[in-house]
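Reading through the structure tokens given below for one structure.
Chain letters run A, B, ... following the sequence lines, proteins first and then strands; every chain starts at 1.
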Amino acid sequence: MNIEQFLEEKVRSIVKDIWGVEPDTGQLQLQQTRKDFEGDITLVAFPLLKISHKSPEETCNAIGEKLVELHPEIKGFNVIKGFLNISLTPSYWVNTFNDVLSQKDFGFKAFNQTEDPIVIEFSSPNTNKPLHLGHIRNNLLGMSISRILEKSGKRVVKVNLVNDRGVHICKSMIAWMKFGNGETPQSSGKKGDLFVGNYYVRFDKEFKVQVEKLKAEGLSEEEAKVKAPILLEAQELLRKWEAKDPETIALWEKMNGWVYKGFDQTYSDLGITFDKTYYESQTYLLGKAEVAHGLSKGVFHKKDDGSVWIDLTADGLDEKLLLRADGTSVYITQDIGTAIQRYNEYHFQEHIYVVGNEQEYHFQVLKLIMKKLGYNWSDALYHLSYGMVLLPEGKMKSREGTVVDADDLMNEMVETARDMSNELGKLDDVDTSTTNQIIRMIGLGALKYFILKVDPKKNMTFNPKESIDFNGNTGPFIQYTHARIRSVIRKANEMGIIEGKTDNNISPNEKEVTLIKLIGKFPEAVQNSASEHNPALIANYAYELAKEYNQFYHDYSILKEENASTRLFRINLSTVVANTLKNAMWLLGIDVPEMM
RNA sequence: GGUCCGGUAGCUCAGUUGGAUAGAGCAACAGCCUUCUAAGCUGUGGGUCAUGGGUUCGAAUCCCGUCCGGAUCACCA
């Protein structure tokens, strides 16, 4: 039970006793006391004036006096304007701390096996190019939110939907056929996704040459762009693919296979895993039957050319195409199909799509269509819409070569961590493989934290020149705090200090109380970030805790403390902070080192 | 043009049911290592919370208008 809950019921009954009216929850406003005032928790009196019919000061005093009189845990109070600042006794804090100390993973809830799961779809890459910074944000958000939901007590199923078909991969295929000379990732020593991506770029280069040539022959730009031979060849390849031409399929499988090998590497480096991977080549025909169903229900209508539409103008949206005149489906058709497929498969209580904010309209339409089709779970579809990662000069543009490649970025971060570590020299006595492990943790921690500390729905700016910080509000700062604590604990063990419960007679100082309060807020932080689908809340929490601990560490000695009870308490406090930091960082997908 | 999102220190960001004097980090400057890890700690400077109104005991937060930025409104995905 946290302090707010602890005091809310006490204040409620006091108000009822004095003035005869029971206040509702909204009228009982308890909040952390601001640092400039004395006290632990503050009751805001203004909402209660309607009940008390007294001045704010009188109301505060009346409640404060009763609190002290009735409850031994309450040490005292002071009143400033309409604020009742309440102080709790040292033993109250020691007791709550011991309570936390006795719990294994404080703040984490075991998931409920019997409840329906939450399905979360994220990553969803195209197989024509390597992952970039935008994908990193998507993957990190998906992974982190999955973990947060899981530890908030939900069952989570992580799924990926790979866009492995369409004209884009055919472009890479045609370029490889024309210019590849049988080259493979192995023979060229390139990572598979990068290798295939290069042929996609090669296609574009050739395409432009051909367009210029056609223009020189007198065609307009528009004509040239639809008549370039290499484009026609790519489209022909797509038709062959759809007709299941064996040679085409074989090449498609080969090239996608290269890409997947590359993706697997990147996912593994980033620490991303899935419970299930879907492929669009297997799902792109889904949803067509549902269109027929919708037609018969009169939800959709057919135009003269045979195309099928839904009119959403009454809902403030537009008309939306669901099936082309030639009977082929569009993206949303597939999404209708996959949603139904997944519901049948998992019976989810929520289905989260981690997709950029440029697709908000799409998901708005999807949800509405599902509702109109009569699926009562349509409200369970949730678009976790995140903002773009921008460069100082704006959007990343592949044409201008400003796209920040995921693998390159990770490598740079790790190398920066290495330079910094070498400079500090703290790992000089550590063996190479451990050092490499730690450096990787730090480099990736810096990157992940940098991205996850920002509110998902906001756009964020990434400046490649200034590179990501390792000091201040960063992942390494928190990792450092953890390593520092672990070092102290190791020394405590060497000194033979035995762990045990904290002595109830000690009286925690101000910094220690602040830490106890902060630790007590971790469960709430987990629950909030889960319900908001927002890892940034965890990041901010971890930072605040680390910062607070460092102040404590600076101001007080732990192992050299002479009073054995106090020393043990400080060691216990340090252990709990380290565990909480570790768990919070785990929720962000960030590992913490024992030393750095 | 319609819809949605955003605008907080020079820069990157916190600020969650409306609460006290709006906070961090970076950058700048000044301090703190014979003492448990200085990737740390302390201090200084830096703000008409885009803007104008409204709601009330009280507004960065809620409502309306205006300005600026972004996304979207495809027989693309």
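Partner of A:Glu548 under the salt bridge (Lys or Arg N to Asp or Glu O under 4.0 Å) criterion, out of A:Lys517, A:Lys35, A:Lys521: A:Lys35 alone.
Atom NE2 in A:His135 sits roughly 11 Å away from atom C1' in B:rA77 (whole-Å rounding). Distance A:Asp469 CG to B:rC13 P: 13 Å, rounded to the nearest Å. For A:Ile558 and B:rC36, the CD1 to P distance is 11 Å, given to the nearest whole Å. One atom, CG of A:Asn534, and another, P of B:rC13, lie 14 Å apart when rounded to the nearest Å. Atom pair A:Ile478:CD1 and B:rA14:C1' shows a separation of 13 Å (rounding to whole Å applied). Distance OH (A:Tyr278) to P (B:rA77): 21 Å, rounded to an integer number of Å. Here the P atom of nucleotide B:rC33 and the CZ atom of A:Arg484 are 15 Å apart, to the nearest Å. B:rU21 atom C1' lies 9 Å from atom NZ of A:Lys81, rounded to whole Å.
To the nearest 0.5 Å, atom NZ of residue A:Lys81 and atom SG of residue A:Cys60 are 12.0 Å apart.
Residues A:Tyr556 and A:Lys511 have side chains in contact (heavy-atom distance under 4.5 Å, counting atoms from C-beta outward).
The aromatic rings of A:Tyr331 and A:His362 sit tilted, their planes meeting at an angle between 30° and 60°.
Side-chain atoms of A:Ser421 do not come within 3.5 Å of backbone N or O of A:Arg418 as any donor-acceptor pair.
Annotated as syn: B:rC33, whose O4'-C1'-N torsion sits within 90° of 0.
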| query | If you write RNA chain B from 5' to 3' in dot-bracket form, with Watson-Crick or G-U pairs under 3.5 Å, [ ] for crossing pairs and | for pairs with another strand, what do you get? | reply | (((((((..((((.....[...)))).(((((.......))))).....(((((..]....))))))))))))....
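Ring-to-base geometry does not place A:Phe46 in a stacked arrangement with B:rG58 (centre distance under 5.5 Å, plane angle under 30° required). Stacking here means ring centres nearer than 5.5 Å and ring planes tilted less than 30 degrees, and by that measure A:Phe37 stacks onto B:rA20.
Checking A:Met420 against A:Ile332, the closest nucleotide of RNA chain B that is more toward the 5' end is the one next to A:Met420. In terms of position along RNA chain B, the nucleotide closest to A:Tyr553 lies nearer the 5' end than the nucleotide closest to the other residue of the pair A:Glu319 and A:Tyr553.
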Between protein and nucleic acid, restricted to nucleotides 2-8 of chain B and to nitrogen or oxygen atoms under 3.5 Å apart, what atom pairs and distances do you find?
none

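Under the 6.0 Å cut-off for aromatic ring centres, A:Tyr549 and A:Phe552 qualify, their centroids lying closer than that. Residues A:Trp252 and A:Tyr279 keep their aromatic ring centres 6.0 Å or farther apart.
Judged by distance alone, with hydrogens and angles left aside, A:Asn471 brings no side-chain donor or acceptor close enough to the base of B:rA27 to form a pair under 3.5 Å.
In this structure, A:Arg137 fails the cation-pi test against A:Tyr386, since its NZ or CZ atom is not both closer than 6.0 Å to the six-membered ring centre and inside 45 degrees of the ring normal.
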